[in-house]
Asks: 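Starting off with a structure, shown below.
Just so it is clear, the structure is predicted and the values come from calculations on it, not from any experiment. Letters A, B, ... are given to chains in the order of the sequence lines, protein chains preceding strands, and every chain is numbered from 1.
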Number of protein chains: 2
Amino acid sequence: MHFILKRKITLKHIARELEVSISTVSKALKNSEEISRDTKEKVQAFAKLYNYRPNNIAISLKNKRTRNIGVIIPDIVHHFFTTVFRGIEKYANSRGYNVIICVSDESFDKEVINMEMLANGSIDGFIMSLSAETQQKNDFNHLKEVTEQGIPLVLFDRVTDEIECDKVIINDKEIAYQAVKKLIDSGKRKIALVTTDSYFNVSKKRAEGYKAALKDNGITFEENYVLTLPYQEIEKSKIEHFFSENDIDGVLCVNEVFAIHCIGAVQKLGMKIPDEVSIIGFTDGLLSKYSVPSLTTVAQHGERMGEVAAEMLIEKVESEIEDDENETFRTETIKATIIERESTKN
Amino acid sequence: MHFILKRKITLKHIARELEVSISTVSKALKNSEEISRDTKEKVQAFAKLYNYRPNNIAISLKNKRTRNIGVIIPDIVHHFFTTVFRGIEKYANSRGYNVIICVSDESFDKEVINMEMLANGSIDGFIMSLSAETQQKNDFNHLKEVTEQGIPLVLFDRVTDEIECDKVIINDKEIAYQAVKKLIDSGKRKIALVTTDSYFNVSKKRAEGYKAALKDNGITFEENYVLTLPYQEIEKSKIEHFFSENDIDGVLCVNEVFAIHCIGAVQKLGMKIPDEVSIIGFTDGLLSKYSVPSLTTVAQHGERMGEVAAEMLIEKVESEIEDDENETFRTETIKATIIERESTKN
DNA sequence: TATTAACACGAAACCGTTTTCGTAGTTCTT
DNA sequence: AAGAACTACGAAAACGGTTTCGTGTTAATA
């Protein structure tokens, strides 16, 4: 076995070979008016023959623009985040950007480290969703530093009011309201909320919608009807206990996995879905689609969210106005929709 | 609102401010022996105060090493790939590498474009899994070019013999054999294979294991018992038809979604799982865990696969031997395991 | 024919580092 | 006191491009 390494060819090589200057080569390849037709053809032919490609790193250094976007998300093995990521990747790619992804693993420290790693020239801007720990600690100095350096930042889904930047969220409160309204309209009155700890801003918003819907329909909110579950390591017994102790006929879950667990618990207790208990979840993933019964759920349109986030970021990146003074930040809201399946009746 | 942009500070700034040369600053920050204690302290203090961080791009250009890994996968909203990716990301990060990810979307052209985009200096090496279309076309010139340029490449799961490089696969044939054996041992004889088109090398391997297990147990292979499904857009009716036309008592599916569909079809036909029909799938995702009945499945240990791939790549990247002559490539096999759940009996 | 304009190209600076090498100025030898 | 040996630093090249500006040659103009 004998490989000939076709090492990357540079302008310098071409220049030397063709006995012209580097500048001439550079211009010739850009089809500059300055260069004679003859020379251009010669250079271009040579470049093509040896498959010349400009070195991205050199261009990045010169332009102070990498065409890389940094994405920091709490988890990658998670349907919602992957859909958002797909949206980001697609849009970014269509605009000639690459995506560097880092996973914070819900850890504050990792989030900080990842940001610092990328903030030193590797990327032109960040798109991120806050880790659980960051939201808990309420410490956003790493974000502040980055924005103060003039690096554009777009936050999605798990955002914070503490930082001024572009944001993309869904209408969590509203859609939770609608979901609960839907349960009420189908005759349910004893509606539970299965949620995570409230330092997740999305959970908080969804709880608000839940409460508002109850109130507007003359149902008094009962603390007992709220089941708070850890984000991971769910105990089935706790859920079963919840449903056997309380007389529930409708459930809103803040995610898909919780909803599946509820289906299991409810069925185990011998109750029929949706007739005796109706269930609505969040996140339209495979689980919702393929569970039996299939799950009525809130589609968050993650891909759209990703696209919008990427678009906002690239806009900021490319508008080199650096207008400092009257820089303006937007918050885009993606309208979630309810996908009706078998776990509810209408 | 008035922001003061703390623009990134460079060696040049420090040098100017402290009235020393750039080289002195550089050395001082590296604690070089060459520089006097006084100067070092002065420089280091200044750098710390202004939060100096070296520019990654400049360092990359100088060192001709980016500490970036390029990952190209067919799909991101896919449990197996995300787990592999998590493994890659974790390991890479622990070694100080960042990961740039591109999605080929099962398209040959996108795969090529993405490779070219990254191959011009943006990354030190590739980890990838071939797109469906690439496997179909059997065209691997883009891979060949990259390896010929001396860029390390590690292929995982969807690999090809046409390219000499490091590879990470699972023991597809073996584990399929074991899965079928398990069905046979539990008394099943009329075992179906639900698979994709055979240009997927993994499907081919699994089919081989399936056939070998039948043969070794004196069961004749029947073409009728193989159901080939498209990768997407599955028609339920086709599956139901398959199960009503054939007298099946065991099923091996090459993925989770196929398995879930089979559960649905079998149940619709009024047959009991696992007593009348046992089902085993591939990919241990949420669906397998939460379906009813839960699914016995082949765990591919994607995260481990990713770790191994990343480790192999980084080893190659960092061994600058460029030994050309006797460069040696490995193929690591991750041992898949069968996770027993309710869809089979023993 | 002298002047000017157009043409075609090269030198050099620049992006932000690292690193080699050269050299003032000081201290140590003998 | 002269040479050797340090010490502490700076100049410059290099990584691979882009871009501005200057200039020698030729062609057009007066």
Side-chain angles (χ1 to χ4, degrees), chain A residues 7-44 46-47 50-68 118-124 149-150 320, chain B residues 7-44 46-47 50-68 117-124 149-151 320:
Chain A
R7 271 260 155 259
K8 271 268 161 220
I9 194 177
T10 69
L11 290 186
K12 197 193 267 188
H13 296 134
I14 303 184
R16 191 148 34 203
E17 209 64 30
L18 263 38
E19 298 186 300
V20 292
S21 76
I22 293 180
S23 1
T24 301
V25 177
S26 177
K27 289 170 193 164
L29 291 175
K30 296 192 128 46
N31 240 314
S32 160
E33 294 296 326
E34 255 182 285
I35 307 298
S36 73
R37 172 183 291 268
D38 269 15
T39 311
K40 280 199 279 196
E41 279 174 0
K42 202 173 56 176
V43 171
Q44 286 170 8
F46 190 93
Y50 286 94
N51 194 32
Y52 168 79
R53 298 269 179 269
N55 180 311
N56 288 333
I57 299 294
I59 293 178
S60 293
L61 182 59
K62 181 92 242 271
N63 297 348
K64 302 177 135 210
R65 291 259 325 271
T66 61
R67 295 191 89 80
N68 284 157
L118 296 182
N120 299 311
S122 297
I123 51 93
D124 295 338
Q149 272 177 33
E320 286 294 332
Chain B
R7 271 259 154 260
K8 269 276 161 214
I9 194 178
T10 69
L11 291 185
K12 197 193 265 186
H13 295 135
I14 304 184
R16 190 145 39 199
E17 208 65 29
L18 263 37
E19 299 187 298
V20 292
S21 76
I22 293 179
S23 1
T24 302
V25 177
S26 177
K27 289 170 193 165
L29 290 175
K30 296 195 127 47
N31 238 315
S32 160
E33 294 296 324
E34 252 181 288
I35 306 298
S36 73
R37 172 182 292 268
D38 269 14
T39 310
K40 280 197 280 196
E41 279 174 1
K42 203 173 55 174
V43 171
Q44 286 169 9
F46 190 93
Y50 286 94
N51 194 30
Y52 170 78
R53 298 268 180 271
N55 179 309
N56 287 333
I57 299 293
I59 292 178
S60 293
L61 181 60
K62 185 95 241 282
N63 298 348
K64 302 177 136 209
R65 291 258 326 270
T66 61
R67 295 191 88 80
N68 282 158
M117 236 178 134
L118 296 182
N120 300 312
S122 298
I123 50 94
D124 295 338
Q149 272 177 34
I151 302 179
E320 284 295 331

Asks: Touch check for A/Ser23, heavy atoms < 4.0 angstrom, all strands: base, sugar-phosphate only, or nothing?
Replies: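 It contacts base atoms.
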
Asks: With the side chain of A/Lys30 defined as its heavy atoms from C-beta on, choose the nearest nucleotide among D/dT18, C/dA8, D/dA14.
Replies: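 Between D/dT18, C/dA8, D/dA14, the one nearest the side chain of A/Lys30 would be D/dT18.
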
Asks: B/Glu34 side chain: which of C/dA8, C/dC21, D/dA11 is closest?
Replies: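 That would be C/dC21.
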
Asks: Heavy atoms under 4.0 Å, any strand shown: does B/Lys64 hit a base, just sugar-phosphate, or nothing?
Replies: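 Touches sugar-phosphate only.
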
Asks: Whole angstrom is fine here: how far is it from NZ in A/Lys12 over to C1' in D/dC15?
Replies: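 Atom-to-atom, A/Lys12 to D/dC15, this comes out as 8 Å.
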
Asks: Using a heavy-atom cut-off of 4.0 Å across all strands, would you classify A/Arg37 as base, sugar-phosphate, or nothing?
Replies: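 Contact class for A/Arg37: none.
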
Asks: Whole-Å distance between C/dT17 P and B/Arg53 CZ?
Replies: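 Computing the B/Arg53:CZ to C/dT17:P distance gives 12 Å.
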
Asks: For a quick check of understanding: with a heavy-atom distance under 4.0 Å over all strands, which category does B/Thr39 fall into, base, sugar-phosphate or nothing?
Replies: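 Touches sugar-phosphate only.
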
Asks: B/Asn68: which residues meet the side chain to side chain donor-acceptor pair (under 3.5 Å) condition with it, sequence neighbours left out?
Replies: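 B/Asn68: no side chain to side chain donor-acceptor pair (under 3.5 Å) contacts found.
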
Asks: Rounded to whole angstrom units, what separation is found between the CG atom of B/Leu11 and the P atom of C/dT18?
Replies: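 In whole Å, C/dT18 P lies 6 Å from B/Leu11 CG.
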
Asks: Looking at every strand, decide which applies to A/Thr10 at a 4.0 Å heavy-atom threshold: base, sugar-phosphate, or nothing.
Replies: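 Sugar-phosphate, backbone atoms only, no base.
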
Asks: Below the 4.0 Å mark, does D/dC9 have OP1 or OP2 next to a side-chain nitrogen or oxygen of B/Thr24?
Replies: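 Checking B/Thr24 against D/dC9: no side-chain N or O falls below 4.0 Å of OP1 or OP2.
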
Asks: Between B/Ser21 and D/dG10, is there a contact of a side-chain N or O with OP1 or OP2 at under 4.0 Å?
Replies: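 Indeed, a polar side-chain atom of B/Ser21 lies that close.
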
Asks: Please tell me which of the listed nucleotides, D/dC21, C/dA8, C/dT19, lies nearest to the side chain of B/Lys27?
Replies: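 Of D/dC21, C/dA8, C/dT19, C/dT19 is nearest to the side chain of B/Lys27.
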
